[in-house]
Structure formats: C-alpha cells, structure tokens
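As structure tokens, the structure follows; a few thoughts come after it.
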Amino acid sequence: MPNVLMVAEKPSLAASLANILSNGKSSSRKGFNGACSIHEWTGSFRNQPAKFKFTSVCGHINGLDFTGKYNSWDRCDPCDLFGAPTEKKEATPKLKMPAFLSSEARGCEYLVLWLDCDKEGENICFEVMDAVSDQIRNIRSPSVTYRARFSAITDKDIKHAMNNLVQPNENEARSVDARQELDLRVGCAFTRFQTKFFQGKYGDLDSSLISFGPCQTPTLGFCVQRHDEIQQFKPESFWYVQVTIEPELKLDWQRVRIFEKEIAMIFYNIVKDQREAVVEQVTSKDSFKSRPLALNTVELMRCASAGLGIGPHTAMQIAEKLYTQGYISYPRTETTTYPANFDLRGVLKQFERSSDYGEDARNILNDFVTPRKGTDCGDHPPITPMKLAHSSDFDSDTRRLYDFIVRHFMGTLSRDLKYKSTTTTFNINGETFTATSNVLIDAGYTKVMTWQAFGKNELATLFQVGDRVKMKEVKLIESQTGPPSYLTESDLISLMEKHGIGTDASIPVHINNITQRNYVTIESGRKLKPTTLGIVLVHGYQKIDPELVLPTMRSAVEKQLNLIAHGTADFRAVTKHAIEIFRLKFLYFVKNIANMDSLFEVSFSSLAESGKAHSRCGKCRRYMKYIQQKPARLHCSHCDETYVLPIGGIARVYRELKCPLDDFELLAWSSGNKGRSFPFCPYCYNNPPFNDMSRASGCNNCTHPTCQHSLISLGVSSCIECEKGVLVLDCTSSPKNWKLGCNSCDCIINIFDDAVKVSVEEDTCECGSQLMTAVYKQEKTPFPDGITEKKGCVFCSSEFAPLIEKHKAVENRRLNSSRGRGRGRGRSHRGRPKVPKDKMSQLAAYFV
DNA sequence: GCAAGGTC
C-alpha cells in the first residue's frame, strides 16, 4: 500500500484537515519536535488503497540571512550588503523542522501539500519539498508531489480539493524568495548605516538601534504625517447663529457656520428681532445601523485598541491564548463571512445557560437572523467563541477581550438597529433652521454590543406644519476650528490595511517595533505621538528621498514581485533590478545624509558636548568624554573618534595605568558588585592589536607577552566551567578583593581574602596551572607559624584550599583534571599559553 | 544590534 505524506502550514490545520479527510477516523501522535502532530489513517489515493500521514510545519521552515562576516556590523560596509552572499537558515532551530519532516517522509511515495493558499504558503511548499527530498524520490515529479488548493476549511471544499489536486506554483514561491532577499538587503543596509552614523555623533539619542524597514518606516510615516498636520494647523474663527425655542431646544442652522464675521452679523440681524419660528416641513424616515460583519483579525485589533484600550500586540497574544485553551476559534484570519455549514446555533446554544449572555442568546435563538455576507478569503473561518468561559477563568484583559468576541458574535446574528428619524424645518424671517429627533424602534444588535447603544434624542414636543413656535433666545456665537488629534492606533491599523503595509499577522509587530525603537509613544486613548527621533527621521527621509517613507513604496515593490508570481518576468532579472534601484537609493542617501543630520543637530546634543571627562586618549593625551547612555561610549572630541565600551555595567578609570601598545588609559569594567570584571584598553577593545584577539576583548584576552595586565601575565589555568575560557587573575578591585575570572564565561572564583598581594608565577604546578603567590600582613595571615607569604597551586596546594571560595567547582576540576590534562595541554587555546623564549619575535608575529 | 514573513 503506498504511503502518502500530507503537510499543512500549522498544527491546528493539520488536525482539522485530517479529521475531515479521514471522516473522523484518524489516530494521532506527537512528533519528536514537540510542536507538530501526525494524524494517520487508511483510505484511498488515486483509486487505490493508501496509508495517509497528515502533519504540518510551523510557518516558514527557513529564513534568509547573510553569511559569515556580512553578519558583523564592523567587518563589512553596509553598502556591500546589496551584493553580499546570503543563505537559508532554519527559522526556528529548536523545532528541527527539516529533520522532523524527513523522518516522517521515510517510506512515503507521495507528497500532498496543504499549505495556506497564498504566496507565502506556496513558498513553504518548496521548503517542504526540499526537506523531504532525501526520502521521497523524484520529489519534483508531477506524479509524486501534489498541491491541494482549497478556499475554505469545510468538508465540501476540502474533499473537493483532495479530488482535484494540482501542482505547486514555483513562480509564486520565487516571488517570496525575491521579497525576502530584498527586505533583508535593504533593511539591514539602511539600519546599520544610519545607526552607526547617528550613534557615532550624538550622545543623547534614546535608541540603541535606528532601524529602517519597508513596512516599519511607512508605518512611522503615517504617525508623523498626522503630527505635521497638527503642527501646521492654523485655527480659524467662525460664527454661527444659535436659536433657542420654547420649550428649551437649540436649533441647527442650515448654513452651519460662516467664516466672515460681517456676513454672519447680517444673518444674525435678520433673525435676532424675530419672535416666532414657523414650522415649514416635518419629514420622517426609518433608518438603520447595520449589525457587524463576522470578526476577522484586523477588526479584532482595531476594536481591542479603540474600545478596550488593549494594543494589537497584546490583543493577539491574548487571542492566541484563548485559542489554545479552546475558548475561541483560530484568531488569524481575513475572512468576514461564516462558512455555509457553520453551526451558528450550536455555538449560541452553549451560551443559553450563562448568567452573562443567557438571555441574549435565547432571544437570538428565538429570532434567528441570517448573518451578513462578508468576504471569504479562503483562509480560516471568522473569529468566534467556541465554548462558554467563566469570568473567573481569566484576568481582566482576557475577560474583556473574550466578552467582546462573544458579544460581537451574537451581534452578527442579531437584527440591525432600527430607528425613526424626524426632521422639522423652521423658517425664521427667511433663514432656515432644523431640529432632528431620533426615536429607537429596535435596539437590534446593540442589545448585546451595548457600547454601540443608541444615544436617544427624542423631542419633547412634536411639531406640525404651520405651527408658530415661540423663540426664546438668539445668539451669534464665535468659535474656532480645532486641530485634528494624533492618529489613534485603530486609525493606523486601517491605514496600514488600506495601503497593504504588513499583513494581519505582522501589523502588530510593526506597530510594536516603532514604539520599542522610541519613534512613537502611546498616549491616552491609544493615540500615537511621534517622538523627536521619529519626527527627525521621517523629515530627514523626506528631505533626501521621500520615496523611502512613502506608503506606496511597498505596493510598488509588490507589483514588481507579482511579475515573478505571474510568470511574466524572470526571478533573477526582477530581483537584480530591484536591488540595484535600492542600492542607488542607498548610495544617494549616504551621500546626502547631511540633510538629515542637520535635523538631528538641532534636536540632539553631539558627543563632544555630552558626557563627562573620563580618561585620557592615547593619541592626543586629552581627556575623552564618557557617554553613559546606551550604548555606552568614549568620545574624543579632539580626534573625533568614538570607542564603544562593554555592554551594561560601568567602566571606571583603572589606577591611571596605560596600555603599552597605544598609550590609552586603561579602564576597569565591572558588571556590578560581585559580578564579572576585567581591565581593558578602550582602543584595543575596538581595534584588537593581535590576530588571535577578537574584537570587544579586555586585557584578560590579550596576548601581549610582557604587559603586566595581559592574559600571558595573569592567566592561571583553563576554566573549570567552560570549554574554551582561561581563568585570569583579576586585580581590578584589589587588595579588597582578589579573584580569578574566566575570560570567556561568567565563572568567578574569589581567592585569598585579606591578602595584600597576589601574583602569578612563571612556573607551573604538575596539574598544568600556574603557581601563585599570596602575601598577607602578619596579623591576618592564615598560614601557620606566622608565615606571611606562600607559593603554591590554587587547585592542588592543601594550605591554599581554605582560601579558595569555590570549593565544589574546584573539586570537580580536580576529578576531571587527570582526564582533561593531556587534552588540555595539547590545545593551544587552553590553559595558560607558554611564554615564548624570544619575546620580541613573538610580538612581531602578533601585530596585524 | 539589522527586514518581513510565517507560527508555537
């Protein structure tokens, strides 16, 4: 019997598709990666009996990244990224997706791809084929691999797809490859360039990363555009005639308002001395407010933000949780219409006995209305409740979001809100005024969606044509137009959706990004207010190349990519062309960065004027400034050079000692009390002097043969906790505290408390460690017979044992040492490197 | 330390 492997885009879909195709007769087991399940049954394939295996991936198997040095910010020019080699890497290594798929494909003859029917899904099809090609022969053959095309997760649609299998569309898949490549190259090049440029110049930038992206930047652009409208807004005065009649009712003027005072005065004079208003016309009409469409992701995010004050990122996290706990259906969908066979009543019935929703649910069941027809995007059914929850099941936000989903669902099955609108027209000496009265006829869906309830404004009196109504007061009122408010998050989501910026799944990510990067802040009412940094960036792009921030940029790129998807253009040609355009844009941006910089200059303070004098520069001997804001840096304003410092912790001046190589004053970095610490030279830290010393190294990694702070002078033994580290004597807080610190991991061993001097000797113990000497004052010596100085091994000498803090770890090492010794000595990077005989020739070889 | 797109 042939074996057929079928793969869906996510575990939940594999389960429901298997259930449909097996008529509920599949058996399930968990896959070895812990995330995916396999559903198996026997059925028929191409008119013969076959064994089916249905499993899934978790989205993309691979992601795109640069190779080797192109991932380093320091080892390549951002401009090189437009031509740098790239490679596919496992998107989530811990899922072991390729290995999992390959293992499940063993023994299978056929592959049927049930990935989502969009371009990303088509791309994942080829990722899956690639992953199983070592198990299934001729994977590219149209009689081996099939593609199921389905537009709804219904019995009928899925079985129809199974009976009408087609082939995966390579063009669509390639268009996604092109998008990935373009986004990677453009995003990383711009991000690295502008981050380095501005961080190297300004001390008070409140962002450790100044990112650029084809989605996040236009998203920020929307927020800044509104900010600009507010800034440019000029209030205008206007006037209107306000008539109050008896009984107390203010009428609406047909001219609404007039922007010239003199003209407004003319109308005021016409009306002001009148005593009566004559009713000219009374018209009534029935009006409706539509019940909502079934709920999709974007609408859920909009409502959560605008109605519940829950941001889209959080809203989706909560929805995800509600989904995995079985309270709601799958929360990521664009579809706003219920499938034909959806058991709407069945869902409602679950709420019949609820104290919160019972009465409404029963009313709706008794007066069932067919829901409105929305759009079927062929992905997932709309978001609906799946089972009744008790309010004690959830925290406050979860409860509110669940309540919204339940009420929205019931709202879609309710009647429209119906009301009667009556407009009365008054004539006052030739000027027309009106009064409108709305009378509720049927609250409809607002009975459940109470926040949309109808604000009544029924008139106390009903008028008839010909009535003469007594006027109480006439006023000429002056007012001013007001500026628009900042963009609400809900407005922003709508704008992104309209311009095709991001997808339902990535919209919250982009909004989150621009807040995390300090480009916008979220104000009350979830309004997005751009920060100085956000404003300056967008204005800068507008000065240099407005297309970089235009919302149409994304759709223009999509248009190019669609040429690939439709097979009308070659993948290589389109990608090459698009990359070249952005490369030129990048070069132009770099060349004209001064235009953006002039805006930064006004808003931020330069490194030279921020920070405080700290330690001396080795080149000019002047004091450099210490900028503590992240990322911490030293800046020499005379040499106009910036040196980055270790992340976190503090870097203090280390006894005014100097690096023998470059004359820079040494600093002692410390991550905090009892934490890691080491001395370092700020110049060497940024520009490693030796080939075997990597960037961002302290003196404890320096192979200078004679400097008293180097690894050569102070290294004691290989680390007891990690593979490649060396324990180095750390004197930075001596004589208060002596310790051995690993130059690679976090391992710290406190030694020789109260000693006045500790040193590392030239000779070694038989265990391979360097011998050490500890000197104490007479009154504090721990050694017997009043001896104040002793030489020995921190691991082997019995009189040292009580003076070493990390006994347990040390013991472990002892146990290991006999095993590890030979190995350790043989490897040059382990243990303390031997001091070379000819120091000068060794030194010469080290210099780059 | 970078993008955007899937999804866990």
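On a predicted model such as this, the values are computed, not experimentally measured, just so you know. Here is how names work: the chains are called A, B, and so on, in the same order as the sequence lines, proteins then strands, and each is numbered from 1.
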Worksheet item: Which part of the nucleic acid does Ser506(A) contact within heavy-atom distance under 4.0 Å: base, sugar-phosphate only, or nothing?
Response: sugar-phosphate
Worksheet item: Atom CE of Met97(A) to atom C1' of dG6(B): distance rounded to whole Å?
Response: 12 Å
Discussion item. Any base atoms under 4.0 Å from Gln199(A), or only sugar-phosphate, or nothing? Heavy atoms, all strands.
Written reply: base
Worksheet item: Looking for any heavy atom pair under 4.0 Å, which part of the strands does Asn123(A) touch: base, sugar-phosphate only, or nothing?
Response: nothing
Practice prompt. Give Asp177(A) one of three labels, base, sugar-phosphate or nothing, depending on what nucleic acid heavy atoms sit under 4.0 Å from its own.
Written response: nothing
Worksheet entry | Whole-Å distance separating the CZ atom of Phe586(A) from the C1' atom of dC2(B) | 12 Å
Fill in: Phe604(A) and Tyr202(A) aromatic ring geometry - parallel, tilted or perpendicular at 30°/60° bounds
tilted
Fill in: Geometric class of the Trp114(A)/Phe150(A) ring pair [parallel <30°, tilted 30-60°, perpendicular >60°]
tilted
Discussion item. Using a 4.0 Å heavy-atom cut-off, does Phe190(A) contact any base of the nucleic acid, only the sugar-phosphate backbone, or nothing at all?
Written reply: nothing
Discussion item. With a 3.5 Å cut-off and heavy atoms only, can you find an N or O donor on one side and an acceptor on the other between the side chain of Glu127(A) and the base of dG6(B)?
Written reply: no
Discussion item. Reading DNA chain B from 5' onward, which residue's closest nucleotide shows up sooner: Ala505(A) or Asp74(A)?
Written reply: Asp74(A)
Worksheet item: In terms of side-chain heavy atoms of Thr503(A), which of dG5(B), dT7(B), dA3(B) is nearest?
Response: dG5(B)
Worksheet item: What's the closest nucleotide to the Cys215(A) side chain, out of dG1(B), dG5(B), dC8(B)?
Response: dG5(B)
Worksheet entry | Protein-nucleotide distance (Leu101(A), atom CG; dG6(B), atom P), rounded to Å | 19 Å
Discussion item. Rounded to whole Å, please give me the gap between CD in Gln516(A) and P in dC2(B).
Written reply: 11 Å
Discussion item. Quick check on dG5(B): is either OP1 or OP2 less than 4.0 Å from any side-chain nitrogen or oxygen of Arg554(A)?
Written reply: yes
Item to complete: Would you kindly compare Cys188(A) and Glu558(A) by the position of their nearest DNA chain B nucleotide and give the one closer to the 5′ end?
Response: Cys188(A)
Discussion item. So, does His510(A) get its side chain near the phosphate of dA3(B), meaning an N or O under 4.0 Å from OP1 or OP2?
Written reply: no
Under 3.5 Å, sequence neighbours excluded: what are the donor-acceptor pairs made by side chains of residues 571-584 of chain A?
| unit_1 | atom_1 | unit_2 | atom_2 | d |
| --- | --- | --- | --- | --- |
| Thr575(A) | OG1 | Phe571(A) | O | 2.6 |
| Glu580(A) | OE1 | Arg583(A) | NE | 3.1 |
| Glu580(A) | OE2 | Arg583(A) | NH2 | 3.1 |

Worksheet item: Of all the nucleotides listed (dA3(B), dA4(B), dG1(B)), which has the minimum atom distance to the side chain of Leu184(A)?
Response: dA3(B)
Practice prompt. From the options dG1(B), dC8(B), dA4(B), select the nucleotide whose nearest atom is closest to the side chain of Thr195(A).
Written response: dG1(B)
Fill in: Nearest-nucleotide pick for Pro11(A), side chain only, options being dG5(B), dT7(B), dC2(B)
dT7(B)
Worksheet entry | Glu9(A) CD to dG5(B) P, straight-line distance once rounded to whole Å | 14 Å
Worksheet item: Rounding to a whole Å, what distance do you find between Arg695(A):CZ and dG1(B):P?
Response: 13 Å
Discussion item. Does Lys585(A) have more than 12 heavy atoms from other residues, nucleotides or ligands lying within 6.0 Å of its NZ?
Written reply: yes
Item to complete: Considering just the side-chain nitrogens and oxygens of Gln216(A), establish if one lies under 4.0 Å of OP1 or OP2 belonging to dA3(B).
Response: yes
Worksheet item: Does CG belonging to Leu587(A) count more than 12 external heavy atoms closer than 6.0 Å?
Response: yes
Fill in: Under 4.0 angstrom between Ser211(A) side-chain N/O and dC2(B) OP1 or OP2
no
Discussion item. Using a 5.5 Å cut-off between ring centres and planes within 30 degrees, is Trp73(A) stacked on the base of dG1(B)?
Written reply: yes
Discussion item. Rounded to whole Å, please give me the gap between CD1 in Ile124(A) and P in dC8(B).
Written reply: 11 Å
Discussion item. If we count only N and O atoms by modelled type, under 3.5 Å, do the side chains of Glu181(A) and Thr86(A) hold a donor and an acceptor together?
Written reply: no
Item to complete: Tell me what Gly502(A) touches on the nucleic acid: a base, only sugar-phosphate, or nothing, going by heavy atoms under 4.0 Å.
Response: sugar-phosphate
Discussion item. When you measure from the side-chain N and O atoms of Arg185(A) to the phosphate of dA4(B), is any distance below 4.0 Å, counting only OP1 and OP2?
Written reply: no
Worksheet item: Rounded to whole angstrom units, what separation is found between the CD atom of Glu90(A) and the P atom of dT7(B)?
Response: 18 Å
Worksheet item: Out of Ser28(A), Ser26(A), Ser56(A), which residue meets the side chain to side chain donor-acceptor pair (under 3.5 Å) rule with His39(A)?
Response: Ser28(A)
Worksheet item: Under 4.0 angstrom, heavy atoms only, what part of the nucleic acid is Ala91(A) near: base, sugar-phosphate, or nothing?
Response: base
